[in-house]
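Please read the structure below before turning to the comments.
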Amino acid sequence: QVQLVESGGGLVQPGGSLRLSCKGSTFSLTAYDIGWFRQAPGKEREGVSCIGVVDRFTDYVDSVKDRFTIFRDYAQDMVHLQMNNLEPEDTAVYYCAAVKTDRTMCTMRRIRYPYWGQGTQVTVSS
């Protein structure tokens, strides 16, 4: 059974930073594309970023470009989402998701991801 665990959420002031982490509890992430998604109250879940098996292939939603960075930590077999210059609009539950695919480029279409974590809350507020 594929299980994902997110960590690193919390409360931060506007302009602050957080690093979210995603780990597979029963499998290695290295063979999977990983996506980060978020869902704010009353809104649909949206794709934030993704990274391919070949980690030079990454993508970001426009609203987080130049502020968020997704990267793999091969030593710990994790995928991190470094979030800088956070804004109140970034407040949401953040989920990581995994898919095994032979595509070169990762996708932020949530329908493509069969495996999901339980989410971690990020709150940006003064």
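Side chains included, hydrogens not; waters and symmetry mates left out as well; all remaining heavy atoms used.
Classification of the Y32-Y115 ring pair by plane angle, with boundaries at 30° and 60°, yields perpendicular.
Side chain of Y113 to main chain of T107: a donor-acceptor pair is present (N/O by atom type, distance under 3.5 Å, no hydrogens or angles). Side chain of Y60 to main chain of C50: no donor-acceptor pair is present (N/O by atom type, distance under 3.5 Å, no hydrogens or angles). In this structure, the side chain of K23 engages the main chain of Q76 through a donor-acceptor pair within 3.5 Å. Without hydrogens or angle criteria, R67 side chain to S63 main chain gives a donor-acceptor distance under 3.5 Å. A donor-acceptor distance shorter than 3.5 angstrom exists from the side chain of E6 to the backbone of Q118, with no hydrogens or angles considered.
Contact of the P114 side chain with the V99 side chain is registered, since non-hydrogen atoms from C-beta on lie closer than 4.5 Å. Between V93 and T120, the closest side-chain pair of non-hydrogen atoms is not below 4.5 Å. The shortest distance between side-chain heavy atoms of D73 and V79 does not fall below 4.5 Å. For the pair Q39/E46, no side-chain contact is recorded, criterion being any heavy-atom separation below 4.5 Å from C-beta on. Inter-residue side-chain proximity for S49 and F68 is flagged as unmet; no heavy-atom pair is nearer than 4.5 Å. Side chains of M108 and D59 form a contact here, defined as non-hydrogen atoms less than 4.5 Å apart. At least one side-chain heavy atom of V122 sits under 4.5 Å from a side-chain heavy atom of L20. Residues L29 and I34 are in side-chain contact: their nearest non-hydrogen atoms beyond the backbone lie under 4.5 Å apart.
Using a 4.5 Å cut-off between side-chain heavy atoms of Ile, Leu, Val, Met, Phe, Trp and Tyr, with links allowed through other members, M105 and V54 fall into the same hydrophobic cluster.
Scanning all heavy atoms of the two residues, the minimum distance from H80 to S21 falls at ND1-OG, 2.8 Å. For the residue pair D90 and Y94, the shortest heavy atom distance occurs at O-OH, 2.6 Å. Nearest approach of C106 to G52, heavy atoms of both residues: CB-N, 3.9 Å. Of all heavy-atom pairs spanning A40 and A92, the tightest one is N-CB, 3.8 Å.
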Please evaluate residues L4 and F27 with respect to the criterion side-chain contact (heavy atoms from CB on, under 4.5 Å), reporting the C-alpha separation (whole Å), side-chain torsions for both, the decisive distance (0.1 Å), and the verdict. CA-CA 9 Å; L4 297 167; F27 67 104; 3.4 Å; yes
Check step by step if side-chain contact (heavy atoms from CB on, under 4.5 Å) holds for I51 and R72. CA-CA 8 Å; I51 187 166; R72 292 185 183 271; 3.8 Å; yes
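Using a 3.5 Å distance cut-off with no hydrogens or angles, the side chains of T91 and E89 do not pair a donor with an acceptor. S28 and D77 share a donor-acceptor pair across their side chains, judged by distance under 3.5 Å alone. Inspection of the Q82 and N84 side chains reveals an N or O donor paired with an N or O acceptor under 3.5 Å. In summary, the side chains of S25 and Q3 do present a donor paired with an acceptor at a separation below 3.5 Å, with no hydrogens or angles considered. Between the side chains of Y74 and D55, at least one donor N or O lies within less than 3.5 Å of an accepting N or O.
A cation-pi contact, defined as under 6.0 Å to the ring centre and within 45° of the axis, links R45 to Y95.
By the neighbour-count criterion of 12 heavy atoms within 6.0 Å, atom CZ of R19 is densely surrounded, having more than that number from other residues, nucleotides or ligands.
At a threshold of 4.0 Å, the pair D33-R112 does not count as salt-bridged, since none of the basic side-chain nitrogens sits closer than that to a carboxylate oxygen.
Here W116 and F37 bring their ring centres to under 6.0 angstrom of each other.
How far OG of S17 is from CG of N85: 7.5 Å, rounded to the nearest 0.5 Å.
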